[in-house]
Amino acid sequence: MLNNYNSETPQIQRLIDEFNRLPGIGVKSAQRLTYHLIRMPIDQAEDLASAILSVKQHVKYCSKCFNLTDKDPCGICLNTRRNEKVICVVEQALDVLAFEKTGFDGLYHVLHGSISPMDGIGPENLKIRDLIDRIKANNIDELILATNPTTIGDATSMYISRLILDDPSITIKITSLARGLSVGGDLEYADQDTLRRALDGRRDF
Amino acid sequence: MRSRSYDTDALVLRYRSLNEADRIITFYTLDMGRITAIAKGIRRPTSKFGGTLEPLNSVRVSIARTSSIDIIQECVVSDAFIHIKEDLTKIAESIYIAELVDAFSEDWEPNKKLYSLLEDTLKVIDNYFFSPLIIRLFEMRLLSYTGFLPEFRECLYCREPLNPGKYLFDIEFGGVACLDCVNNTKNNGILISEDAMKLLRWLQQSADIRKIKSMNLSTETLLEVKFFMNKYLRQLSERRLKSVKFTSQVDLFNP
């Protein structure tokens with residue numbers, strides 16, 4: 001770290017250093033956050049500190065769907081009003097939040113990443129084996145592969161579907177999300193792959 | 001004075017996410033070799049970049065110079081290689097050859113032959129067919145274009161022609177040693193069989209991509225040459241080629 005950025009007060013410097021370790025936060029942002037916190041009322045600062053501790057102490061992975069939860073199994077897996085015959089496979093726990101806003105009423109399976117060969121992240125680093133075991137142990141009708149619409153997201157979905165298709169003991173319907181133009185997007189900026197898929201997936205008006 | 005922006009043909013080798021919605025993209029370009037630049041806001045669904053900067057895409061990009069990392073202004077896809085992206089084996093192998101180019105290139109050092117090799121190989125895999133031999137041929141040509149072509153004809157040490165039989169490849173010096181020299185030099189290289197050596201020589205000297213489809217080789221020979229290439233490339237690049245493992249995992253689906 002650059003010396004001229006160091007604060008005279010060790011307490012302040014310690015907090016700046018801690019913020020600086022977070023993703024996307026450089027020295028300048030870390031300083032701004034620290035000085036903002038110093039001006040903050042003590043009770044707000046205590047709330048923030050206890051929220052951070054509470055997350056670290058109580059949040060864990062659900063043993064069924066691997067979503068983040070404070071109780072195991074998680075609220076979604078325990079909810080009997082949900083359709084437990086349908087599992088939506090997503091890359092990140094944040095994707096679950098996005099789907100929950102749509103009113104989707106099935107269950108989830110969080111992979112915690114996507115296959116990324118150049119970074120050395122293979123199927124064994126994700127919750128893929130757990131997914132196959134879960135499908136075998138439960139009576140599931142449909143698996144929705146909802147990985148990101150990227151090359152490696154697609155590769156992850158293809159890998160999972162190949163595993164399932166190669167296993168004669170599993171019979172399940174595998175689907176993937178529709179691909180095409182995003183709402184609020186601009187047609188002129190659409191790339192040929194997206195536009196082609198949007199054309200392929202066109203429907204009666 | 002250098003201009004404030006530049007346009008170039010490029011192949012997307014890889015990316016990594018940065019901040020909330022950005023990505024740092026590594027390109028292999030025709031005119032400038034390997035370069036990296038940042039795509040602002042690309043992870044938002046409404047980004048003007050859309051899927052244009054996906055790995056393996058062939059693109060035309062405009063990039064603005066800045067005092068730190070350059071910023072991508074515009075990107076148009078020339079070829080998205082869509083048939084590669086619909087096939088798991090083709091994706092895995094194409095990502096592997098992209099990683100090889102990344103490992104064997106330097107920033108701002110153009111190598112037009114290497115660029116064309118990568119582009120042409122992706123085109124063949126996309127439009128015509130895939131065979132592991134296409135990848136082996138890619139590896140051999142990459143070695144040739146980056147100055148690491150191995151010696152398979154004469155002994156590395158005494159320069160005498162090699163007798164048929166088993167060959168010992170000295171991985172450090174990039175060539176085969178004859179049995180006399182092996183005994184004298186405590187060479188601990190890779191043993192290569194007669195069939196594998198035939199294939200390696202063919203790849204090096206007379207390979208014609210159009211003949212690959214009709215070639216009939218044993219699985220053992222193919223695996224031996226794959227193993228040899230991987231070991232030699234790893235030694236030269238001084239790093240573990242991470243995507244090799246995934247190609248083997250995908251191979252399990254194709255008995």
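Letters A, B, ... are given to chains in the order of the sequence lines, protein chains preceding strands, and every chain is numbered from 1. Atoms considered below: every heavy atom in the structure, side chains included; atoms not considered: hydrogens, waters and symmetry mates.
Heavy atoms of B:Leu88 lying under 4.5 Å from chain A belong to its backbone as well as its side chain. In this structure, chain A has heavy atoms under 4.5 Å from both the backbone and the side chain of B:Ile95. Of the atoms belonging to B:Lys48, heavy atoms from both backbone and side chain fall under 4.5 Å from chain A. Contacts between B:Asp87 and chain A at a heavy-atom distance below 4.5 Å involve the backbone alone (N, CA, C, O). Neither the backbone nor the side chain of B:Ala92 comes within contact range of chain A; no heavy atom of the residue lies under 4.5 Å from a heavy atom of that chain. Residue A:Ile25 does not touch chain B at all, counting heavy-atom pairs closer than 4.5 Å.
Of all heavy-atom pairs spanning A:Pro123 and B:Gln249, the tightest one is CD-OE1, 3.1 Å.
In terms of heavy-atom pairs under 4.5 angstrom with chain B, the leader among A:Leu163, A:Thr194, A:Asp154 is A:Leu163. Contacts with chain A were tallied for B:Gly50, B:Gly51, B:Ala98; B:Gly51 has the most, counting heavy-atom pairs under 4.5 Å. When B:Cys75, B:Ala80, B:Ser47 are compared by the number of non-hydrogen pairs under 4.5 Å with chain A, B:Ala80 comes out ahead. Each of B:Ile82, B:Asp102, B:Thr247, B:Val77 has some count of heavy-atom pairs under 4.5 Å with chain A, and the biggest count is that of B:Ile82.
Atoms CZ and CE, from B:Arg16 and A:Met118 in turn, are 13.5 Å apart once rounded to the nearest 0.5 Å. Here B:Leu53 contributes atom CG and A:Thr151 contributes atom OG1; the two are 11.0 Å apart, rounded to the nearest 0.5 Å. Rounding to the nearest 0.5 Å gives a distance of 10.5 Å between CG of B:Leu252 and CZ of A:Arg162.
By the neighbour-count criterion of 12 heavy atoms within 6.0 Å, atom CZ of B:Phe129 is densely surrounded, having more than that number from other residues, nucleotides or ligands. No more than 12 heavy atoms of other residues, nucleotides or ligands shown are found within 6.0 angstrom of CD on B:Glu74. At most 12 heavy atoms of other shown residues, nucleotides or ligands fall within 6.0 angstrom of atom CZ in A:Arg14. Within 6.0 Å of NZ on B:Lys226 lie more than 12 heavy atoms contributed by other residues, nucleotides or ligands. Around the CZ atom of A:Phe104, the shell of radius 6.0 Å holds more than 12 heavy atoms that belong to other residues, nucleotides or ligands. No more than 12 heavy-atom neighbours from other residues, nucleotides or ligands sit within 6.0 angstrom of CD on B:Glu238.
Using a 4.5 Å heavy-atom cutoff, the side chains of A:Pro117 and B:Glu99 are not in contact. A:Ile121 is not listed as a side-chain neighbour of B:Phe246, based on a closest heavy-atom distance of 4.5 Å or more.
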Carefully, step by step, assess A:Asp119 and B:Lys242 under the rule side chain to side chain contact (heavy atoms under 4.5 Å, CB included). CA-CA 7 Å; A:Asp119 301 311; B:Lys242 290 178 183 163; 5.6 Å; no
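Electrostatic pairing of B:Glu86 and A:Arg179 does not count as a salt bridge here, judged by no charged N lying under 4.0 Å from a carboxylate O.
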